[in-house]
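Let me begin by presenting the structure, written as structure tokens, before commenting on it.
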Amino acid sequence: MNKFEEKITALFEDENALNTDKLEALVKESVTAFEEIVKGLSSTDETVRDESKKKAERLRDSLEKEAYKTLKSLHLDPKELESFINDPNNFSKEDWAAIQKAKTDLGNQTKDIAKEME
């Protein structure tokens, strides 16, 4: 487990300690991690590409695992969370803007990673 994966695990260990600032920081670190993965996937060195694919898979697995644990502990299913997150009335204007920017940034990085992994 690398440092970023450890941060993901630590962040979600105590759902009472979660807050918008911590989640926003996680999103920013995720974007940085995705950028590094995309850069590695674009490498001409096959070893670097293979390691970047492995990093992408480990990151996905870590995020999925922690999301599942958090949803379970909060007694939510993914559709309930999605509904909550997609309702701007649940957030301040600033938080909503930050969430929308993060979704866009992560969406773009995900597309780049998928394209590079083809």
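Residue indices begin at 1 and follow the sequence shown.
Glu51 pairs by the side chain to side chain contact (heavy atoms under 4.5 Å, CB included) definition with Lys54, Lys55, Arg58, not counting sequence neighbours. Among residues two or more places apart in sequence or in another chain, the side chain to side chain contact (heavy atoms under 4.5 Å, CB included) test is passed with Ser92 by Glu94, Asp95.
Note that the OG atom of Ser52 and the CD1 atom of Ile37 stand 7.0 Å from one another [nearest 0.5 Å]. Considering CH2 of Trp96 and CG of Asn90, their distance stands at 8.5 Å, rounded to 0.5 Å.
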Between side-chain atoms of residues 76-84 and protein atoms elsewhere (two or more places apart, or another chain), which donor-acceptor pairs fall under 3.5 Å?
unit_1: Asp77; atom_1: OD1; unit_2: Lys79; atom_2: N; d: 2.9
unit_1: Asp77; atom_1: OD1; unit_2: Glu80; atom_2: N; d: 2.9
unit_1: Glu80; atom_1: OE1; unit_2: Asp77; atom_2: N; d: 2.8

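Between Asp105 and Lys101, at least one side-chain nitrogen of the basic residue sits less than 4.0 Å from a carboxylate oxygen of the acidic one, meeting the salt-bridge criterion.
Under a 3.5 Å cut-off, the side chain of Arg49 and the backbone N or O of Gly40 do not form any donor-acceptor pair.
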